[in-house]
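Residue numbering restarts at 1 for every chain, and letters A, B, ... go by the order of the sequence lines.
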Amino acid sequence: MRSVGTRWIGDIVDNAVLEVVGLTKAYGTGATRVEALRGIDLTLRRGEFVAVMGPSGSGKSSLLHLLAGLDRPTAGSIRIGGVDMAGMSEDERALLRRRQIGLMFQSFQLLDTLTAEENVALPLAIGGFPADEARQRAARLLGAVGLAARRPHRPHELSGGEQQRVAIARALVVEPLLLLADEPTGNLDSVQGDKIMALLRQLVEEHRQTMLMVTHDADHAARADRIIHLRDGRIDTNVRRVEEREPARSRPADVPRVRHVVECVEWSVEPPPCSFNAVSFVAPCAGDALEHAPGSREAA
Amino acid sequence: MNLWTYNLREIQRRPGRTILTLLGIALGLATVVATRLSIRTVDLAYRELFEGVSGRPALEIAAKGQGGFAAEAASGLDRVAGVKAIVPRIQSAAALVCGSQSVAIPLLGLDVNGAADWPVRDGRALRDDAELLLDPALAASLHLSPGASVEIWSPAGSTPLRVCGILQPRGTSAAAGGQGVVSLACAQRLFNLPQRINSIQIRLADDADSVAVQAEIARLLPPHLIVQAPGARGELARATLASAEQGLSALSLVALIAATFVILNTFLLNLGERRKQIAVLRSLGASQRQMLRLLLRETVLLGGIGAVVGCAGGIGLAVGLNYLMQKFLGIALPSLKLSAEPFVLAALLGPGAAMAAAVVPAWRASRRPPLMELLPGRMHGEEAVSRRVWQFGLFLLVAGIVLEIALGRGLFSDSWSRNLLPPALALLLVGGVLALPLVVAPLLNLLTRLPLGLEGGLAVQQLARQRGRTCLTAGVLFLALVVAIAFGQALRTTLRELQQWYRQTVVADFLIRGAMPDSSFALAPALPESLADEIRTCGAASVECISFLPAEVEARQVLVLARTFAANRPLPLDLQDGDEAGVRRGLLAGEVVLGVGLARTLGLKRGDTLKLTTEQGVRELRIAGTAVEYAGGGLALYLEWETARRLLELPGVHVFLVGKGASGAPSPEAKLKDFCDSQHLLFQSNADLRSVIEGMLDRVGGALWGLMALAFAVASLGIVNTLTMNVHDQTREFGVLRALGLKRIQVGKIVVSQAVLLATLSLVPGALAGIGMAYAIHRSSAAGVGGSMPFKMDFMLIAGSCAVAVLMAALASLSPARQAVRLPVTAAIQQ
Ligand SMILES: Nc1ncnc2c1ncn2[C@@H]1O[C@H](COP(=O)(O)OP(=O)(O)O)[C@@H](O)[C@H]1O
Ligand SMILES: [Mg+2]
């Protein structure tokens with residue numbers, strides 16, 4: 001039976017949008033076998049915004065793809081909204097994505113034959129929504145990301161930042177439980193990237209959107225409630241706390257101050273079955289800049 | 001927005017490719033529809049022509065040789081249970097002359113009680129024996145109304161008649177647009193049948209058991225009469241069509257297969273382009289089934305639209321075909337009858353073919369894990385052709401060959417052979433294309449070893465890299481080559497044979513007849529024999545008579561060609577077995593010459609005896625020889641005129657063959673022409689007829705060559721597609737090469753080389769398969785009609801087809817090559 005301590009954790013778990021335990025992913029067999037993930041434990045609660053960082057090849061994308069049900073883990077379990085993905089068929093995973101998960105990609109992945117509005121409405125169309133309602137919701141969301149005037153435009157007529165904003169609207173149109181973003185600012189210049197980050201942050205603030213974002217950019221990661229560092233397929237516990245490394249920098253004015261502070265510090269002492277191995281604490285109001293650039297770790 | 005928006009945008013995105021797909025489907029279906037329509041029309045027309053009153057249960061009594069008999073034969077038959085009425089009648093063909101026109105029409109002689117069934121729309125019913133009722137369609141086409149005078153040429157000579165009324169439209173009109181109705185007495189006069197009739201219609205009570213009634217009547221009839229379903233008379237006419245039908249069916253089948261592969265080719269290219277999109281849709285939560293449906297419905301939609309376009313095109317094609325035949329051949333064909341069957345067929349085949357082409361690739365695309373496409377920077381080569389594809393192809397090929405051999409060995413009955421030929425061809429073609437990778441792969445390997453220069457080498461590399469695409473495109477070219485070679489060969493052989501047969505058999509200088517007969521001679525109007533003397537007085541050196549009459553040989557309907565054989569002229573037969581002198585002697589002694597097709601069907605040869613049903617019962621006739629003959633679908637036999645007169649009832653003369661005599665003598669042409677004009681007879685000089693027939697053959701040939709060119713055109717569009725995709729894939733490669741100093745023209749050369757190499761890949765297998773198929777067609781047609789010629793492959797045809805294939809491919813590559821040449825280097829590298 002569970003101890004008192006675990007019952008307390010249980011309360012959090014009930015509240016959790018995402019629970020990952022012992023997640024392992026290996027590609028290939030024999031000599032070509034690559035272990036991309038080697039036992040990841042992770043929990044995201046409702047409204048939490050987590051950034052994943054790590055050097056190239058550390059398994060960030062693999063993690064995201066597993067969470068989105070685009071791939072199957074070698075071992076370990078993933079629960080989204082309390083439902084275990086392990087026993088799900090390909091189509092059940094598709095259904096899960098359709099209803100619970102919003103996905104964003106580094107290269108936007110908009111369909112170039114469709115207008116901005118139609119791209120946003122696409123997940124609803126897949127879900128069999130009435131065309132009219134889908135269109136209205138898409139228009140509303142495009143308005144919310146500041147692209148009301150761009151509704152009839154095709155992706156190639158939009159700037160990179162605008163395309164990514166369309167992608168945000170598309171990811172949100174089904175009101176997903178969990179938003180997964182793989183380097184959403186990776187293809188954007190810094191000004192555009194900042195705008196996207198502001199938008200994402202605003203989502204978390206105003207709609208308590210749960211979000212997991214992979215990024216290479218420490219400034220962008222710093223806007224998250226919490227940063228997870230991956231290294232060789234494991235969560236890296238050796239990253240020092242941000243506050244200790246770097247004084248807070250001023251944030252852009254348009255981002256509201258964040259008061260989410262993760263209070264799981266006890267777990268890192270003796271990890272219970274469903275918790276994080278390591279957590280980096282970020283005080284988002286305090287600062288954005290992490291000193292290590294993406295490249296510096298790989299070089300190390 | 002719903003998902004159809006997505007589908008429609010995809011269809012719109014590549015208008016060229018969409019049009020190509022549509023064209024492929026529409027073309028294939030148009031040939032199917034046109035073929036079915038023509039066949040159905042002629043078939044229906046003959047059935048109605050012979051059934052007379054449609055939609056009523058009826059039987060018909062006729063003489064076995066279809067001559068006349070006394071009306072008393074029917075006495076007592078009205079007491080048979082189930083018989084409602086007995087209508088004695090005369091049913092024959094005559095030439096209706098009206099102004100400068102003369103047309104062959106079926107003429108029906110009825111007594112007064114029978115005429116009640118033919119209600120009059122305009123004018124009034126028949127009152128005396130010099131009056132005629134006309135079918136409304138016929139009257140309209142000749143601009144005749146009640147009160148008009150016409151002239152009828154019949155075995156009794158020329159008879160003036162007055163049109164007294166126009167019949168009610170009968171819903172369905174007979175062949176040649178309709179018939180005429182006269183009184184029985186008038187018909188007896190026209191067809192030299194005093195006191196006699198040649199048909200008795202027996203109307204049955206609605207609840208009568210027609211089989212039982214038929215058996216009872218048969219028991220009561222004298223032996224030279226038979227009772228049959230009225231449609232039975234049309235058997236010969238329909239047999240005539242059978243071989244044409246077979247050729248057309250095979251052609252439309254091949255067109256459909258080619259269309260399916262064109263769809264497959266474009267669909268695969270589409271999928272290749274859309275992999276990423278598919279992955280995005282899947283990552284957004286589209287299920288596999290949903291994805292499959294999404295992909296399939298696009299092609300099925302195109303298939304449906306293609307079907308609609310194909311139906312319209314098919315009607316156009318059929319009308320055109322009909323028009324050409326009437327105009328150039330001068331034969332009367334029924335106007336087109338639209339029936340639902342061809343359209344239902346097209347509506348099924350269009351989406352069906354699209355589905356057949358798309359289902360496997362779409363299924364695979366819908367199952368591909370979306371991750372493979374979403375990972376950035378991942379380059380995917382096209383997957384190799386699945387082993388299962390060529391294994392399946394090989395299996396089909398072997399099945400086709402086995403079936404073909406079985407057909408060749410004569411393991412099936414006649415009708416089965418006819419029905420099994422198209423599936424055998426289909427197996428061979430589909431199997432051939434699917435198994436093509438087996439040949440293309442080693443050929444590609446061979447090409448990589450050849451010193452083809454820098455551009456050639458790069459082209460081969462790209463072809464090898466996109467092996468699946470290469471094989472399929474080569475497959476489409478392969479089909480075009482097979483079609484060109486096999487059908488080209490069949491066409492040329494047939495045309496050559498027809499020409500030879502025609503030159504041998506029609507040796508007269510002039511021909512005189514009442515009107516042109518229809519294609520099966522079922523509607524040949526006869527003229528009185530006495531005209532021969534009048535023609536002679538016009539200065540003709542020789543006048544010969546020919547008559548076509550249906551007869552029964554061993555329970556089979558055949559066409560008897562009864563004619564005189566002038567002693568001082570070469571024997572006008574394209575003899576296959578027998579020497580001229582012997583055959584001539586035999587014919588004069590009452591023997592027969594069999595058409596090759598009939599001899600083969602009956603399994604008889606020279607020296608055997610033939611059982612011909614005559615007025616006096618079954619007669620055994622010795623076979624003096626066999627000859628190539630196309631009339632009656634090859635089911636024909638020759639009798640000397642006097643023999644025919646003795647054994648069968650000669651209706652009169654269908655054609656007078658007139659010779660002009662020694663070359664020094666003044667030509668009687670002008671005099672003959674005047675005579676014919678004054679008598680409203682149809683006069684043709686042999687030169688005229690020959691130029692008409694040869695012109696017609698040329699046109700038919702030209703039309704078929706045009707169709708084959710179209711096959712190449714469709715194949716070239718496939719090449720354009722493939723090369724465009726290749727250029728798209730190689731954009732970066734070309735950019736790098738240009739950056740490294742390659743000249744623009746060299747980039748263009750790479751693309752053109754790809755096309756030429758692609759064509760080259762298809763040449764050897766295409767030529768071999770083409771020859772094989774040509775042989776199969778040759779053998780099956782030899783089993784049907786003439787086919788006296790030994791199989792001799794036309795190597796010019798093969799070389800020409802191959803050259804055209806390469807040329808078309810090179811032409812097709814020009815547009816993608818220009819696209820490649822114009823790529824801006826910097827943008828290409830950055831891609
Ligand atoms: N489909 C795959 N097949 C084989 N190896 C893979 C595949 N995807 C990722 N990997 C490997 O797994 C490791 C983690 O990759 P990835 O998750 O993409 O890292 P990141 O996104 O952090 O750069 C890398 O070594 C990569 O080469
Ligand atoms: Mg990555």
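- More than 12 heavy atoms of other residues, nucleotides or ligands shown are found within 6.0 angstrom of CE on A/Met88.
- The part of A/Leu103 that comes within reach of chain B is its side chain, from C-beta onward, which places non-hydrogen atoms under 4.5 angstrom from that chain.
- The heavy-atom pair separating A/Ala94 from B/Ala286 by the smallest distance is CB-O, 3.7 Å.
- Atom CG of B/Asn2 is separated from atom CG of A/Leu124 by 12.0 Å, given to the nearest 0.5 angstrom.
- The OG1 atom of A/Thr113 sits 11.0 Å away from atom CD1 of B/Ile11, with the distance rounded to the nearest 0.5 Å.
- B/Leu281 touches chain A through backbone and side chain together, each having a heavy atom under 4.5 Å away.
- Around CH2 of B/Trp363, the count of heavy atoms belonging to other residues, nucleotides or ligands within 6.0 Å does not exceed 12.
- For the pair A/Leu111 and B/Arg9, the minimum side-chain heavy-atom distance is 4.5 Å or more.
- Remark: B/Arg289 CZ is loosely packed, at most 12 non-hydrogen atoms of other residues, nucleotides or ligands lying under 6.0 Å away.
- With rounding to the nearest 0.5 angstrom, the CD atom of A/Glu92 is 11.5 Å from the OG atom of B/Ser287.
- Only the side chain of A/Asp112 comes within less than 4.5 Å of a heavy atom in chain B; its backbone stays farther off.
- Residue pairs meeting the side-chain hydrogen bond (donor to acceptor under 3.5 Å, both in side chains) criterion with at least one partner in residues 128-138 of chain A, sequence neighbours excluded, do not occur; the list is empty.
- With a threshold of 4.5 angstrom between heavy atoms, A/Ala134 approaches chain B through side-chain atoms but not through N, CA, C or O.
- The structure places CD of B/Gln288 at 11.0 Å from CZ of A/Arg93, a figure rounded to the nearest 0.5 Å.
- The closest side-chain heavy-atom distance from A/Leu70 to B/Arg282 is not below 4.5 Å.
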